[in-house]
Protein chains: 2
Amino acid sequence: MRRYYTIRDLADLFDITPRTLRHYEDVGLLKPARQGAQRLYSERDRVRVQLILRGRRLGFSLPEIAEMLDLYDADPTEITQLREVIRRGNEKLRQVERQISELEALREDLIAMRNRLEQVLQEKLNTSEGKGCSD
Amino acid sequence: MRRYYTIRDLADLFDITPRTLRHYEDVGLLKPARQGAQRLYSERDRVRVQLILRGRRLGFSLPEIAEMLDLYDADPTEITQLREVIRRGNEKLRQVERQISELEALREDLIAMRNRLEQVLQEKLNTSEGKGCSD
DNA sequence: CTGAAAACTTACGTGAACGTCAATACGGTT
DNA sequence: AACCGTATTGACGTTCACGTAAGTTTTCAG
């Protein structure tokens with residue numbers, strides 16, 4: 001519940017480097033407060049970093065992550081803008097769901113492969129069971 | 001059911017460039033047959049390309065994809081090696097399952113955000129309902 | 001056989017996402 | 001005030017996954 005983090009605090013917290021945080025700032029993903037020249041990251045910044053890193057692990061580019069974060073803290077005044085934000089959100093949602101489907105397919109493939117190999121293993125163990133493989 | 005594909009056939013089939021296929025060969029993901037200097041891709045090569053591209057869409061690096069493809073067509077002689085392949089396969093499987101969990105968390109986040117925005121939209125529509133927002 | 005299309009090799013270029021290094025600048029301690 | 005550790009701003013370097021361009025065969029329709 002500390003109110004603020006230095007750049008090193010946050011870096012250590014997520015096992016990244018300060019350079020990475022500055023880079024995220026360069027591309028507009030973070031806008032930490034400053035006291036003088038020093039960056040002061042808030043709790044909200046910490047959460048954003050967490051979301052950014054999750055996005056990276058899932059294979060999204062920084063611009064894509066920016067889109068999603070924009071959805072997150074969008075507070076549109078105009079109804080037209082609001083509808084647009086919802087539309088983009090639904091689009092992202094569909095993309096994520098497609099990705100889940102593909103990942104599940106990959107998981108099925110890996111499971112099938114494992115089963116196949118397990119079976120081969122059992123066969124090998126059986127044939128070499130009596131050491132002479134007679135009968 | 002064509003037996004062979006030229007590099008352009010495969011490129012067009014997956015909407016990629018020949019350069020991409022040569023690159024996958026450079027890094028050891030493909031080893032197409034040759035007639036002279038020309039590459040001839042088999043049905044098996046086509047399937048591998050499909051798997052490679054799925055891996056890319058899911059955010060895996062080419063080396064990571066190579067690992068998984070190695071698991072796919074591994075035919076280990078020694079039981080020790082076989083166990084090792086199974087172990088690596090299970091490891092990848094767990095990684096994929098973690099990734100699925102994270103994606104599902106992201107999906108939940110997106111859904112929550114959409115619901116929130118939908119609600120804001122409804123409120124906006126209601127307050128501007130009678131155009132004067134009386135009572 | 002010829003000429004165009006397509007494939008090949010070689011090699012340098014590129015955008016994304018940082019890494020790394022140099023040169024300050026600033027903050028707290030003794 | 002001097003010192004040391006940490007932060008900051010450039011700015012160039014690096015890896016990955018190809019893009020792109022040049023120059024050279026190879027293939028194939030006419």
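In this text, all values refer to a predicted model and were calculated from it rather than measured experimentally. A, B, ... follow the sequence lines: proteins, then strands. Residue 1 opens every chain.
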Next item on the list: Please answer whether the main-chain N or O of B:Ile100 pairs with a side-chain N or O of A:Arg107 as donor and acceptor at a distance below 3.5 Å.
Entry: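 No; judged by distance alone, with no hydrogens or angles, the pair does not exist.
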Check: So, B:Gln99 side chain and B:Leu58 main chain: donor-acceptor pair closer than 3.5 Å or not?
Finding: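 Yes, because the side chain of B:Gln99 sits within donor-acceptor range (under 3.5 Å) of the backbone of B:Leu58.
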Atom [atom1] of [X] and atom [atom2] of [N]: how far apart are they, to the nearest Å?
{"X": "B:Ile7", "N": "C:dA5", "atom1": "CD1", "atom2": "C1'", "value": "15 Å"}
{"X": "B:Ile65", "N": "D:dC16", "atom1": "CD1", "atom2": "C1'", "value": "12 Å"}
{"X": "B:Asp12", "N": "C:dA7", "atom1": "CG", "atom2": "C1'", "value": "14 Å"}
{"X": "B:Leu53", "N": "D:dA17", "atom1": "CG", "atom2": "P", "value": "13 Å"}
{"X": "A:Tyr4", "N": "C:dG27", "atom1": "OH", "atom2": "P", "value": "17 Å"}

Next item on the list: Indicate whether any N or O donor in one side chain lies under 3.5 Å from an N or O acceptor in the other, for A:Tyr5 and A:Glu43.
Entry: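 Yes.
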Next item on the list: Answer yes if the side chains of A:Gln50 and A:Arg54 hold a donor-acceptor pair under 3.5 Å, and no otherwise.
Entry: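 Result is no, nothing qualifies.
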Checklist line | Atom pair OH (A:Tyr41) and CG (A:Asp9), whose distance is rounded to the nearest 0.5 Å | finding: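 A:Tyr41 atom OH to A:Asp9 atom CG measures 11.0 Å (nearest 0.5 Å).
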Next item on the list: Working to the nearest 0.5 Å, report the span between CG of B:Leu10 and CZ of B:Arg48.
Entry: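 So the gap between those two atoms works out to 13.0 Å.
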Note to self: Does A:Pro63 reach a base, just sugar-phosphate, or nothing at all? Heavy atoms under 4.0 Å.
What the structure shows: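 Since only primed, P, OP1 and OP2 atoms lie under 4.0 Å of A:Pro63, the category is sugar-phosphate.
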Notebook entry, point to check: Of the nucleotides D:dC18, C:dA17, D:dA7, which has the atom closest to the A:Thr6 side chain?
Noted result: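 Side chain of A:Thr6 sits closest to D:dA7.
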Next item on the list: Go through D:dA17, C:dT9, C:dG19 for me and flag the one nearest to the B:Arg39 side chain.
Entry: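 Selected nucleotide (nearest to the side chain): C:dT9.
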Note to self: Heavy-atom nearest nucleotide on DNA chain D for B:Gln35 versus A:Gln38: which residue maps closer to 5'?
What the structure shows: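 Nearest nucleotide further toward 5': that of A:Gln38.
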Checklist line | Residue mapping more 5' on DNA chain D - nearest nucleotide basis, B:Ala37 or B:Phe60 | finding: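 Taking each residue's closest nucleotide, the earlier one in sequence belongs to B:Phe60.
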Margin query: Under a 4.0 Å threshold between the charged nitrogen and the carboxylate oxygen, would A:Arg39 count as salt-bridged to A:Asp45?
Written below: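 Result for this pair is no, no salt bridge flagged.
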Next item on the list: Compare side-chain N and O positions of B:Thr17 against OP1 and OP2 of D:dC18 and report whether any pair is under 4.0 Å apart.
Entry: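 For B:Thr17, the contact criterion (side-chain N or O under 4.0 Å from OP1 or OP2 of D:dC18) is not met.
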Notebook entry, point to check: Between B:Arg8 and D:dT27, does any side-chain N or O lie under 4.0 Å from OP1 or OP2?
Noted result: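 Answer no for this pair, as no side-chain N or O of B:Arg8 is under 4.0 Å from OP1 or OP2.
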Check: Want to settle it: does A:Gly36 or A:Leu62 sit nearer the 5' end of DNA chain C, counting the closest nucleotide to each?
Finding: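 Comparing both residues, the 5'-ward one is A:Leu62.
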Note to self: Assuming nearest nucleotide by heavy-atom distance, tell me which of B:Arg34 and A:Arg56 is located more 5' along DNA chain C.
What the structure shows: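 Residue closer to the 5' terminus by nearest nucleotide: B:Arg34.
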Margin query: What residues from residues 19-28 of chain B pass a heavy-atom cutoff of under 4.0 Å to DNA chain D?
Written below: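 Of all residues in residues 19-28 of chain B, the ones placing a heavy atom under 4.0 Å from DNA chain D are B:Arg19, B:Thr20, B:His23, B:Tyr24.
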